[in-house]
Amino acid sequence: LYCTNATEYRIAESGQFAGVPFQALVNSQARVPFTVSEGDGSKSISVQFRNNSGNVVSANLDGNVLVDTAPPVVKLVSPAPGSFVNGRIQ
């Protein structure tokens, strides 16, 4: 996270900042681990920055975060079941 002149930040999903306290922001920047809510789908991440005067600015992550925990399904159709392959497959 980075915001010029900001001294504090808070981060939330879907802009739900109620009950989320501001945290210190050293040198106007920070690396912030953040865990999204359970379940697959698109997650909206928002952050608010505050400066020493108490001014607050908000920002949203463009494009959201897509959570997909379902493993991919692979189906081989060639070679046919029971076939033997001899040599290099490209």
Side-chain angles (χ1 to χ4, degrees):
L1 299 172
Y2 178 79
C3 184
T4 303
N5 297 327
T7 56
E8 298 176 304
Y9 75 93
R10 61 183 179 177
I11 188 168
E13 188 173 335
S14 300
Q16 301 297 313
F17 291 106
V20 179
F22 278 93
Q23 303 292 320
L25 188 61
V26 180
N27 295 323
S28 300
Q29 61 186 352
R31 287 189 178 265
V32 181
F34 183 73
T35 303
V36 297
S37 61
E38 293 287 325
D40 289 359
S42 182
K43 311 290 182 173
S44 172
I45 309 298
S46 303
V47 64
Q48 288 185 329
F49 296 97
R50 186 165 62 185
N51 66 12
N52 282 332
S53 299
N55 297 314
V56 175
V57 63
S58 298
N60 296 309
L61 179 66
D62 285 337
N64 298 330
V65 173
L66 179 60
V67 177
D68 180 3
T69 59
V73 176
V74 177
K75 180 179 179 183
L76 297 177
V77 296
S78 180
S83 298
F84 291 94
V85 176
N86 186 8
R88 187 176 174 168
I89 300 175
Q90 295 185 11

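Note that the structure is a prediction, hence the values are computed from the model and not measured. Just so you know, residue 1 is the first one in the sequence shown, and it goes up from there.
Residues S37 and K43 come closest through the heavy atom pair OG-NZ, 3.1 Å. For the pair S44 and N64, the tightest heavy-atom approach, listed with the atom from each and the gap, is CA-OD1, 3.3 Å. When every heavy atom of A6 is checked against every heavy atom of S28, the shortest pair comes out as O-OG, 3.5 Å. In plain terms, the two heavy atoms of D40 and A70 that are nearest each other are OD2-N, 3.9 Å. Here the closest non-hydrogen pair linking P33 and R31 is CD-O, 3.8 Å. The nearest pair of heavy atoms linking G39 to V67 is O-CG1, 3.9 Å.
V20 and F34 end up in different hydrophobic clusters when Ile, Leu, Val, Met, Phe, Trp and Tyr side chains are linked at under 4.5 Å. No chain of hydrophobic side-chain contacts below 4.5 Å, direct or via other Ile, Leu, Val, Met, Phe, Trp or Tyr residues, connects F17 to V56. Clustering ILVMFWY residues whenever any of their side-chain heavy atoms sit less than 4.5 angstrom apart, transitively, puts V32 in a cluster other than the one holding F22.
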Distance-only check: which donor-acceptor pairs under 3.5 Å involve side-chain atoms of residues 45-52, not counting sequence neighbours?
unit_1 : atom_1 : unit_2 : atom_2 : d
S46    : OG     : G15    : N      : 3.4
S46    : OG     : N60    : OD1    : 2.5
Q48    : OE1    : R10    : NE     : 2.7
Q48    : OE1    : R10    : NH2    : 2.8
Q48    : NE2    : S58    : OG     : 3.2
R50    : NE     : E8     : OE1    : 2.7
R50    : NH2    : E8     : OE1    : 2.8
N51    : OD1    : S53    : N      : 3.0
N51    : OD1    : G54    : N      : 3.1
N51    : OD1    : N55    : N      : 3.0

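N27 places no side-chain N or O within donor-acceptor distance of the main-chain N or O of Q29, the cut-off being under 3.5 Å.
Considering CG of L61 and CD of E13, their distance stands at 11.5 Å, rounded to 0.5 Å.
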